[in-house]
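All values below were derived from every heavy atom in this structure, side-chain atoms included, with hydrogens, water molecules and symmetry-related copies excluded. So that the names make sense, note that chain A is the first sequence line, chain B the second, and so on, each numbered from 1.
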Amino acid sequence: MAGEGDGHAEPSEDDTLKYQLLGPSLTKAGQDAVDQQKVSEIIYNASKGSKFFNHEQERDRNQTIKIERLGKEKARLEKLDLSHDLRRADEYLAELELTRDLTQFVVHVDCDAFFAAVEELDRPELKTVPMAVGKGVLTTCNYLARKFGVRSGMASFVAKKLCPQLVLIPSNYDKYTAKATEIRAILAQYDPLFESASCDEAYLNITAYCNENQMDPEEAVQRLRAEVLENTNISVSAGIAPNAKIAKICSNKNKPNGQFRVSNERTAVMEFMRDLPVRKVNGIGRVFERELESIGIKTCGDIYPYRAFLTKLFGEKAFQFLGQCYLGLGRTKIEPVGTHERKSVSTETTFHEIGDNEELRSKLRWAAEEMEKDLARTQFKSRTLCLKVKLHTFEVLTRQTAPPRAVSQAKDIYTYALPMLVKLEKEIPGMKLRLLGLRCSNLVSTKKTGLNFFGFTAQPKPSTLTETPERNNEHEIDAEEAFESAARQEVQDEMNELEQLSQEAASPEIAESNSAEDVPVVEPPAQWECPICGRPQAADDRVFNVHVDFCLSRQTIREIAQESPQEESSSSMSTSRKRKTPNAATSTDVDPRQKRLFFR
DNA sequence: GCGGATCAC
DNA sequence: TATGGTGATCCGC
């Protein structure tokens with residue numbers, strides 16, 4: 001914690017900066033026995049004077065200013081009558097409490113020092129020495145290295161200062177993904193619909209497994225972990241809890257090679273959260289931690305006495321998120337990542353400082369070519385293009401533009417990105433960059449699915465690194481789930497097609513400028529009736545899509561209204577939605593994913 | 001809608 | 001000597 005050890009509650013400027021320099025993974029496992037004071041000193045001295053350091057210092061100063069404002073605002077609020085805010089907060093918490101679901105067993109599985117562990121399988125001699133994977137920046141390190149204060153995300157030259165004998169291994173992602181696939185095959189036996197959170201993490205809902213096998217969740221997870229270890233030689237840690245948020249926190253509790261459970265009782269959950277540092281919660285990082293600490297919130301239990309202040313100090317979204325933290329609520333619905341919708345594709349690279357305009361153009365051309373490949377791989381075109389640069393001072397700038405038509409080819413991307421770069425060169429005389437990148441958003445799918453809306457012919461999903469095993473190959477999967485999966489995919493494709501159409505309607509020239517394989521041919525049924533409202537519709541594909549989409553939304557709202565109002569118990573900060581009206585059932589702000597209810 | 005900032009892994 | 005890449009979300013304007 002910042003300021004610790006100086007005998008003062010108020011952290012000094014250096015303390016916050018040093019804490020910042022320690023990196024984001026301070027709270028991770030394997031650091032308990034480390035003298036943080038000493039480590040922090042070494043990192044500080046290794047970094048001092050560098051451009052990176054100066055930038056961090058600048059950021060730290062800005063945060064301090066923000067926190068000072070926060071303190072003044074809090075002092076101002078304390079003099080006001082907040083009874084209205086207090087009542088509102090209590091009403092919201094009561095509302096949240098009604099959504100609590102304690103019927104599910106959710107598990108978060110986390111591989112221990114995954115990349116390092118995989119490397120150790122190939123070269124067992126690495127097990128006995130401090131070792132890290134990565135080049136300029138470490139992606140993972142083994143537990144021997146952590147004893148020296150070495151952490152993921154740390155610059156390797158700093159790590160070498162902490163631990164001169166540290167062995168560095170270049171990363172080999174293909175190897176890790178292959179291993180991850182082996183592990184996922186085992187996870188699927190416990191929950192075929194498990195969710196890959198990343199290469200080395202997954203969420204499972206083992207409620208059905210436990211019921212079918214008459215097994216205690218802890219016993220089931222013991223078995224799961226043993227099975228993974230036996231078959232793949234990778235040790236994993238796990239958290240068991242009534243929801244994903246707590247399960248995630250629990251998986252870190254007994255790392256490595258351990259597990260921890262918070263039982264499905266309200267008192268157990270509340271007690272667990274009460275003393276839990278807010279930083280342990282997914283979504284609360286170093287900055288928010290500092291802000292919360294400055295007003296007196298260190299643990300999730302501390303949130304409650306401040307409930308009346310939170311909206312005015314941090315905004316509505318943060319208030320709702322913190323409310324869920326205090327109550328220990330989280331999602332219980334675990335679903336494969338394939339069901340999520342991609343929002344952007346991006347590429348960026350760091351290089352040594354470049355000021356020469358010609359050289360920068362060459363970097364931009366390269367980025368555009370990378371982007372073309374990525375868009376082809378993910379099967380998208382893009383209607384919004386964003387240029388990202390990092391100056392030699394580490395300051396990051398972005399500039400965004402909307403090309404007249406969706407782009408997918410390198411030459412088009414370059415054409416529309418170049419003016420942004422030129423403008424930046426003019427704005428910043430003598431501009432020197434250390435990074436250049438491109439991001440595409442407002443995506444339009446180019447997947448060829450045909451338009452058999454009611455045929456439900458599922459398309460095989462592109463297999464990305466974190467994708468779950470192909471559901472269609474798992475013959476033991478419930479037929480209804482497979483059906484639902486296909487339906488979800490269809491709805492997704494449908495919406496993408498709709499976007500594609502609207503985009504083409506706006507710019508007719510695109511249909512000519514692209515070859516047939518880029519743009520799927522749209523063949524709607526000649527005549528049809530809307531399956532929802534039953535009304536006959538004109539055989540115009542655009543109207544068809546718009547109408548069905550509209551009807552689907554309406555249908556969904558009706559269905560949700562009929563179901564219990566607890567449908568969506570809660571969600572994490574990143575997925576939480578507006579909730580101005582207290583009752584979600586009457587809200588028209590429907591999560592698109594809920595449209596699948598129609599297919600039940 | 002845009003740009004900056006934060007967060008996770 | 002030297003501090004990453006990808007994707008997402010939220011806020012203020």
Below 3.5 Å between N/O atoms, which protein atoms pair up with nucleotides 11-13 of chain C? Just atom names and distances, please.
none

Table of protein N/O atoms under 3.5 Å from nucleotides 2-4 of chain C N/O atoms:
residue, atom, partner, partner atom, Å
C/dT3, OP1, A/Arg434, NH2, 2.1
C/dT3, O5', A/Arg434, NH2, 3.4
C/dT3, O4, A/Ser47, OG, 2.3
C/dG4, OP1, A/Arg434, NH1, 3.0

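Distance from the side chain of A/Arg399 is smallest for B/dG4 among the nucleotides C/dT6, B/dA8, B/dG4. Closest to the side chain of A/Leu397, out of C/dA8, B/dT6, B/dG4, is B/dG4.
Backbone-only contact: A/Glu201 has heavy atoms under 4.0 Å from sugar-phosphate atoms and none from a base. Among the protein residues, A/Arg439 comes within range of no part of the nucleic acid, since none of its heavy atoms lies under 4.0 Å from any strand.
One finds a side-chain N or O of A/Thr398 lying less than 4.0 angstrom from the OP1 or OP2 phosphate oxygen of B/dG4. Side-chain N/O atoms of A/Lys248 include one lying less than 4.0 angstrom from OP1 or OP2 on B/dC9. At least one side-chain nitrogen or oxygen of A/Ser344 sits closer than 4.0 Å to the OP1 or OP2 atom of C/dA8. Under 4.0 angstrom from either OP1 or OP2 of C/dT6 there lies no side-chain N or O belonging to A/Ser346.
To the nearest whole angstrom, the two P atoms, one in C/dT3 and one in B/dA8, are 24 Å apart.
Taking atom CZ of A/Arg342 as the reference point, atom P of C/dA8 lies 7 Å away to the nearest angstrom. A/Phe321 has its CZ atom 11 Å from the P atom of C/dC10, to the nearest Å. Per the geometry, CG belonging to A/Asp60 stands 15 Å off C1' belonging to B/dT6, to the nearest Å. Atom pair A/Asn442:CG and B/dG3:C1' shows a separation of 16 Å (rounding to whole Å applied). Atoms CE (A/Met371) and C1' (C/dG5) sit 12 Å apart, rounded to a whole Å. Between the NZ atom of A/Lys363 and the P atom of C/dG5 there is a distance of 11 Å, given to the nearest Å. Across the protein-nucleic acid pair, A/Phe115 atom CZ and C/dG5 atom P stand 15 Å apart, rounded to whole Å. One atom, CG of A/Asn282, and another, C1' of B/dC9, lie 9 Å apart when rounded to the nearest Å.
A residue-by-residue look at A/Lys66 and A/Asp200 shows that A/Lys66 has its nearest nucleotide of DNA chain B further toward the 5' end.
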*Evaluate the criterion side chain to side chain donor-acceptor pair (under 3.5 Å) for residue pair A/Thr384 and A/Asn442; output intermediate values, then yes/no.*
CA-CA 6 Å; A/Thr384 303; A/Asn442 239 314; 3.0 Å; yes
_side chain to side chain contact (heavy atoms under 4.5 Å, CB included), that's the test. Do A/Lys388 and A/Val396 meet it? Break it down for me._
CA-CA 7 Å; A/Lys388 172 179 173 180; A/Val396 174; 3.9 Å; yes
*Determine, stepwise, if the pair A/Asp302 / A/Thr299 fulfils side chain to side chain donor-acceptor pair (under 3.5 Å).*
CA-CA 5 Å; A/Asp302 295 335; A/Thr299 69; 3.3 Å; yes
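A distance-only check finds a donor-acceptor pair linking the side chain of A/Asn45 to the backbone of A/Glu41 [under 3.5 Å]. Judged by distance alone, with hydrogens and angles left aside, the side-chain atoms of A/Glu348 form no donor-acceptor pair with the main-chain N or O of A/Gly437 at under 3.5 Å. Using modelled atom types, one side-chain atom of A/Arg225 and one backbone atom of A/Asn257 make a donor-acceptor pair closer than 3.5 Å. Checking side-chain atoms of A/Tyr176 against main-chain N and O of A/Asn172 turns up a donor-acceptor pair under 3.5 Å.
Annotation: cation-pi geometry not satisfied between A/Lys390 and A/Phe52 (NZ/CZ under 6.0 angstrom from ring centroid, within 45° of ring axis). Judged by a 6.0 Å distance limit and a 45° cone about the ring axis, A/Arg290 is not positioned over the six-membered ring of A/Tyr19.
A/Phe288 and A/Phe314 have perpendicular rings, their planes meeting at more than 60° on a 0 to 90° scale where under 30° would count as parallel.
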